[in-house]
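Proteins get letters first, then strands, A, B, ... in listed order; numbering begins at 1 in each. The figures that follow rest on heavy atoms only: side chains count, while hydrogens, waters and symmetry mates do not. Note that the coordinates shown come from a computational prediction; the quantities given were computed from them, not determined experimentally.
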Amino acid sequence: MPNVTLPDGAVHALPDGATAFDLAQKIGPGLAKAALAALVSTDGGQNWEIRDLHRPLLDDCSARLLTEKDDLPQTLYVLRHSTAHVMAEAICRLYPQTKLVYGPPVDDGFYYDIDLEEPITPEAFPRIEAEMQKIISEDRPFTRCDFNREEGLTKVRSENNRYKVDNAVRAEGDLSFYVTGTPGKNFEDLCRGPHIPSTGRIKAFKVLQVSGAYYRGDQNEKQLQRVYGTAFPSRKLLEEHLHRLEEAKKRDHRRIGPQLGLFHLQEEAPGAVFWHPRGWAMYQIVQGYIREMLGHNGYYEVNTPQLMDRSLWEKSGHWEKFRDNMFSTETEAHTFAIKPMNCPGHIQIFKQGLRSYRELPLRLSEFGSCHRNEQSGVLHGLMRVRAFVQDDGHIFCTDEQVPEEVARFCDLVKLTYGDFGFTDMHIRLATRPPLRTGDDATWDRAEAALARSLSELGLHYELAPGEGAFYGPKIEFNVRDCLGRPWQLGTIQIDYVMPGRLGARFVGEDNTPHVPVMLHRAICGSLERFLGILIEHHAGSFPLWLAPIQVAVTTVSEKSVSYGHEVVNWLRQHGMRAVADFSSDRIGPKKQRARDQKIPYILVIGEQEAVDKSVNVNNRDGVTLGTFPFERFVEGCVHEITTRGREQPEGTS
RNA sequence: GCCAUCGUAGCUCAGUUGGCAGAGCAGCGGUUUUGUAAACCGCAGGUCGUCGGUUCGAGUCCGACCGGUGGCUCCA
């Protein structure tokens, strides 16, 4: 007789074999009707398992019933998993040759991988959705059928589907199937569950896209078709989700960038950026800011060659590992590679002369132009390019100095992101990958050093096993933008391998040579990508300090053009980036054009302003802020720029 | 690189069963001299991604290639 504890602390004694549904009914018929699944914990709430409503509850446990109204990831997980089954059945009905593979819920929806020769195209989505709607209207219960492992394997082997057999063999313990309706009569699928009570509970869903996906993520395996969809507890939530997708589309840097005259891409230079004056202005602002921060933090900026001989890349190990992704060129019997990264160059600088331990830590930074021959299919606007510049840097230090350097870097990263308006930072620690150089003892030491630094700083982090670089583990710094999308920006990586391979040495206190540890680090990562993220985060409406054009000066009529010139010149004298619009349009369209360009301040100059030496200030949101003496406007702007918008200066906004 | 999908004017898009390549905005010229979310008239602008094929005739149908997009693999 299980005692079930509810979230409010109430304890219900239920008969043996009672289900979560029975519990819900006991609490209230409304809840029983609304419940989709249950969260159950047998260890006092440490670990929670999502379970079918109609499975018997475990012995004494804590339980929470999930309804459509619960805005919990688990609710969506179950709902979407079940919708994936419905979609799979619909596809099997429309395409009887389909072999089902795997269909999990994912962030924002679900997918189902299928093996089917005939391509499913977006035109087929409405047909699939209509078929799904039929299944939903039939309101068939999801029925769990448990088998012991032997019986289950026999059953799945009879289905003539190698993927499902694979799934079953890899699953641990006993096997379960879910029937969408009556066993023996309706669609069934090997599945561990859980599911919602019946198909009729699916209120809002949509088939969204189809793409290729290798079986088990293996390039050498068969390419399957992956059909994506999503589901929500209500039509309204689905609409909101689709609306969010539209909003994200409006922020797309590939649309906004060219619109604002920041950059363009063209097919003769795939993966490389043509920066226009306004985009380059932003680029320079970001670079200048980082340069200043690094200067304050004891870095020396350097510059190293674009082309270096193949032999150097062979020594560093890049030629062996990344040859396919490196551009190279032949001349006078030499093979030169265009640098894909700056570290080998920095090691060459380190190696000049005899280094003493007294010089460590030596921090070198470089805005070096790097090229990587990324596969054509991965290129994506500014976010994934072949030619880029990182805010790159390498710290040469001793083993003992690593924690201190990592800590200093973490502080710098946090400060920098704050200045760019990214406050939601999360950290991942990526550990040794399967293919790597260096022995396990070295990896142990490196991973422990990073973990210790993070712990000592009190920074929370998530472990990313196997995601480290081939030469060492790394810390990844991620931020979320204003739409909640995560972006990996900064990184710091310990490298015990490359300095040794390239012959870097320093003389230690003991008067013998030692190999320095090298920390690879970047705060923004690729500046191209960082600009892309800034564009999407701000939707083109950049804070004043980043805005490529800060002020548009517009005249009411020809009578004010002379004062307009004066204002533009004054602004430029004060270091502000200003443009003039003295065209013969009326003030309305001129303001509109400046707003379209997301220029933070639009000054209206008329005869009265010329007399007062004042400016009428408007912002890009269409708000008229008032008329101010010119000097006061500039003071406000300067304050806003130097504080990077962290506090609003009086009188300007 | 793989699967799907797309490519028409600077931008956003229309173009019927294969039958004279279009619109709005932007641009240029003119009129208007303007006080806060787009004044008026006119002009110009295209090898319909490229190459090949089918056809009396191709933006439209077929093939190859290039590039973009959504994913997959990859991301030192």
- Task: Would you classify A/Gly381 as touching base, sugar-phosphate or nothing, given that sugar-phosphate means primed atoms plus P, OP1 and OP2, and contacts are heavy atoms under 4.0 Å?
- Result: sugar-phosphate
- Which part of the nucleic acid does A/Asp392 contact within heavy-atom distance under 4.0 Å: base, sugar-phosphate only, or nothing? nothing
- Message: Quick check on ring pair (Phe, Tyr, Trp, His ring centres under 6.0 Å): which of A/Trp313, A/Phe327, A/Phe470 does A/Phe322 satisfy it with?
- Response: A/Phe470
- Query: Counting side-chain heavy atoms from CB outward, which of B/A4, B/C72, B/G67 is closest to A/Val210?
  - Reply: B/A4
- Message: Taking the C1' atom in each of B/C6 and B/C48, what is the distance between them to the nearest angstrom?
- Response: 14 Å
- Query: Which dot-bracket string fits RNA chain B when only Watson-Crick or G-U wobble pairs with both atom distances under 3.5 Å count, crossing pairs get [ ], and | stands for a partner on a different strand?
  - Reply: (((((((..((((.....[..)))).(((((.......))))).....(((((..]....))))))))))))....
- When rounded to the nearest Å, what value does the distance between P atoms of B/G68 and B/U32 take? 49 Å
- Query: How would you list all residue pairs meeting salt bridge (charged side-chain N to carboxylate O under 4.0 Å, His left out) that involve residues 212-221 of chain A, not counting sequence neighbours?
  - Reply: A/Arg162-A/Glu221
- Partner residues of A/Glu267 under the side-chain hydrogen bond (donor to acceptor under 3.5 Å, both in side chains) criterion, sequence neighbours left out: none
- Considering only atom P, compute the distance from B/G57 to B/G46 and round it to an integer number of Å. 26 Å
- Side chain of A/Arg529, base of B/C75: donor and acceptor closer than 3.5 Å? no
- Message: Strictly by salt bridge (charged side-chain N to carboxylate O under 4.0 Å, His left out), give each pair with a member in residues 607-626 of chain A just once, sequence neighbours left out.
- Response: A/Glu566-A/Lys613
- Query: What parts of residues 312-323 of chain A reach RNA chain B, counting only heavy atoms under 4.0 Å away?
  - Reply: A/His318, A/Phe322
- Query: Considering only side-chain heavy atoms of A/Tyr471, which listed nucleotide, B/A76, B/C74, B/A38, is closest?
  - Reply: B/A76
- Any donor-acceptor pair under 3.5 Å from A/Ser560 side chain to A/Tyr563 backbone: no
- Could you give the CD-to-C1' distance, from A/Glu267 to B/C51, as a whole number of Å? 13 Å
- Separation between the P atoms of B/C13 and B/C28, rounded to whole Å: 24 Å
- Salt-bridge criterion met for A/Arg127 and A/Glu131 (N-O under 4.0 Å): no
- Think A/Arg445 forms a cation-pi with A/Tyr496, using NZ or CZ under 6.0 Å from the six-ring centre and within 45 degrees of its axis? yes
- Task: For this output row, return yes or no: ring centroids of A/Phe396 and A/His346 closer than 6.0 angstrom.
- Result: no
- Query: So does A/Tyr214 reach the base of B/G71 with its side chain, donor to acceptor, closer than 3.5 Å?
  - Reply: no
- Message: Rounded to whole Å, please give me the gap between CZ in A/Arg384 and C1' in B/C74.
- Response: 6 Å
- Task: Give a yes/no on whether any side-chain N or O of A/His380 is located under 4.0 angstrom from OP1 or OP2 of B/G70.
- Result: yes
- Message: I want to check a possible cation-pi pair here: A/Arg80 against A/Phe232, using under 6.0 Å from ring centre and within 45° of the ring axis as the test.
- Response: yes
- Item | Closest to the A/Leu379 side chain, choosing from B/A4, B/G1, B/G68 | B/G68
- Task: Could you check which of B/U33, B/U73, B/G70 has an atom nearest any side-chain atom of A/Glu558?
- Result: B/U33
- Task: For a salt bridge (charged side-chain N to carboxylate O under 4.0 Å, His left out) with A/Lys222, tell me which candidate from A/Asp113, A/Asp166, A/Asp115 qualifies.
- Result: A/Asp115
- Query: Using a cut-off of less than 4.0 Å, is there contact between a side-chain N or O of A/Ser376 and OP1 or OP2 of B/G1?
  - Reply: yes
- Task: Check every strand shown and say whether A/Lys474 touches a base, only sugar-phosphate, or nothing at a heavy-atom separation below 4.0 Å.
- Result: sugar-phosphate
- Enumerate the residue pairs fulfilling ring pair (Phe, Tyr, Trp, His ring centres under 6.0 Å) with a member in residues 210-229 of chain A, sequence neighbours excluded, ordered by first and then second residue. A/Tyr111-A/Tyr228, A/Tyr163-A/Tyr215
- Task: Identify which nucleotide among B/U33, B/C72, B/G68 has an atom closest to any side-chain atom of A/Ser557, counting heavy atoms from C-beta outward.
- Result: B/U33
- Item | Nearest-Å distance for atom pair CG/P, residues A/Leu224 and B/G70 | 22 Å
- Query: Out of B/G67, B/G70, B/C72, which has the shortest distance to the side chain of A/Gln209?
  - Reply: B/G70
Between the protein and nucleotides 35-37 of chain B, are there any N/O to N/O pairs under 3.5 Å, and if so, what are the atom names and distances?
from  : atom 1 : to       : atom 2 : distance (Å)
B/G35 : O6     : A/Glu607 : N      : 3.0
B/G35 : O6     : A/Gln608 : N      : 3.3
B/G35 : N1     : A/Glu609 : OE1    : 2.9
B/G35 : N1     : A/Glu609 : OE2    : 3.4
B/G35 : N2     : A/Glu609 : OE2    : 2.6
B/U36 : O2     : A/Lys591 : NZ     : 2.3
B/U36 : O2     : A/Asn618 : OD1    : 2.9
B/U36 : N3     : A/Asn616 : OD1    : 3.1
B/U36 : O4     : A/Asn616 : OD1    : 2.7
B/U36 : O4     : A/Asn616 : ND2    : 3.3
B/A37 : O4'    : A/Gln592 : OE1    : 3.4
B/A37 : O4'    : A/Arg595 : NH2    : 2.7
B/A37 : N9     : A/Arg595 : NH2    : 3.2
B/A37 : N3     : A/Gln592 : OE1    : 3.2

- Item | Nucleotide nearest A/Tyr228 when distance is taken to its side chain, options B/A76, B/G71, B/U73 | B/G71
- Item | For A/Asp108, all residues meeting side-chain hydrogen bond (donor to acceptor under 3.5 Å, both in side chains), sequence neighbours excluded | none
- Task: For B/A9 versus B/A21, give the span between their C1' atoms, rounded off to a whole number of Å.
- Result: 11 Å
- Item | Qualifying residues under side-chain hydrogen bond (donor to acceptor under 3.5 Å, both in side chains), relative to A/Glu536, sequence neighbours excluded | A/His253, A/Arg485
- Message: I need a per-nucleotide contact map over nucleotides 24-32 of chain B, read 5' to 3'. Cutoff is protein heavy atoms under 4.0 Å; write B for the base, S for backbone only, - otherwise.
- Response: --------B
- Task: On RNA chain B, check which nucleotide each of A/Phe470 and A/Pro119 is closest to and give me the residue with the more 5' one.
- Result: A/Pro119
- Query: If you check every side-chain atom of A/Arg372, which of B/C3, B/U73, B/C75 has the closest atom?
  - Reply: B/C75
- Task: Only counting residues at least two apart or in another chain, list the ones meeting salt bridge (charged side-chain N to carboxylate O under 4.0 Å, His left out) with A/Asp324.
- Result: none
- Message: Considering every strand and a 4.0 Å limit on heavy-atom distances, what is the contact class for A/Lys559: base, sugar-phosphate, or nothing?
- Response: sugar-phosphate
- To the nearest 0.5 Å, atom OH of A/Tyr471 lies from atom CH2 of A/Trp443 at 9.0 Å
- Task: Kindly say whether, by distance alone, the side chain of A/Arg226 makes a donor-acceptor pair under 3.5 Å with the base of B/C3?
- Result: no
- Item | For A/Asp596, side-chain hydrogen bond (donor to acceptor under 3.5 Å, both in side chains) partners two or more places apart | A/Gln592
- Message: Just to be sure I understand the rule, does A/Asp218 reach a base, reach only the sugar-phosphate, or reach nothing, if contact means heavy atoms closer than 4.0 Å?
- Response: nothing
- Query: Looking at the side chain of A/Pro122, which of B/G67, B/A4, B/U69 is the nearest nucleotide?
  - Reply: B/A4
